[in-house]
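Below: the structure, in structure tokens.
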Amino acid sequence: QVQLVESGGGLVQAGGSLRLSCAVSGNIYSINTMGWYRQAPGNQRELVASITRGGSTNYAGSVKGRFTISRDNAKNTVYLQMNSLKPEDTAVYYCNTEVQPSGAQYVLHYWGKGTLVTVSS
């Protein structure tokens with residue numbers, strides 16, 4: 001089994017910053033792409049940012065220049081630094097990882113339970 005534990009969400013005023021963390025543990029051989037998604041009420045879940053094991057990143061246009069994704073491969077942890085937050089960033093943020101389990105020749109995608117980010121105007 002693989003577990004994802006997210007932390008760092010909360011309430012912040014517009015213009016403020018938050019840092020999300022997602023620690024992955026369990027029966028892991030390797031972790032490939034890690035990412036953050038978000039879902040606002042009434043909206044579909046959307047990709048915010050992703051990062052490959054080698055460090056290549058991809059961002060949604062709406063967050064480019066404000067958010068930074070990073071990872072610590074030794075700690076199996078991915079981070080999302082969110083600056084200049086806007087009310088429209090309010091959503092539940094989910095961590096997603098592609099994991100090759102120990103002893104397996106396939107990969108699986110796992111989701112965290114989500115952490116709420118609320119940005120007040």
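Heavy-atom basis, side chains included; hydrogens, waters and symmetry copies ignored.
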If you round to the nearest 0.5 Å, how far is OG1 of T33 from CZ of R53? 11.0 Å
Do T68 and Y59 have side-chain heavy atoms sitting under 4.5 Å apart? yes
Let me confirm one number: the CE-CH2 distance from M82 to W36, rounded to the nearest 0.5 Å. 8.0 Å
Give a yes or no answer on whether the side chain of N43 reaches the backbone of A40 with a donor-acceptor pair at less than 3.5 Å. no
Taking atom types as modelled, is there a side-chain donor on Y37 or R45 under 3.5 Å from an acceptor on the other? no
Examine R38 relative to Y94 and say whether NZ or CZ is less than 6.0 Å from the centre of the six-membered ring and inside a 45° cone about the ring axis. no
Do E6 side-chain atoms and C95 backbone N/O form a donor-acceptor pair below 3.5 Å? yes
List the atom of Y79, the atom of S21, and the distance in Å for their closest heavy-atom pair. CD2-OG, 3.3 Å
Side-chain heavy atoms of V2 within contact of L108, under 4.5 Å: no
Before giving the answer on side chain to side chain contact (heavy atoms under 4.5 Å, CB included), spell out for I69 and V78 the whole-Å C-alpha distance, their side-chain angles and the decisive distance to 0.1 Å. CA-CA 7 Å; I69 189 169; V78 62; 3.8 Å; yes
Please name the residue in the list T77, N96, V24, T52 that meets the side-chain contact (heavy atoms from CB on, under 4.5 Å) test with M34. V24
Using 0.5 Å steps for rounding, measure from the CZ atom of F67 to the OG1 atom of T57. 14.0 Å
Taking I51's backbone N and O only, do any of them form a donor-acceptor pair with R71's side chain (distance below 3.5 Å, no angle check)? yes
Who pairs with Y110 by ring pair (Phe, Tyr, Trp, His ring centres under 6.0 Å), at least two apart in sequence or on another chain? none
Please check this pair: side chain of T115 against backbone of G9, looking for a donor-acceptor N/O pair closer than 3.5 Å. yes
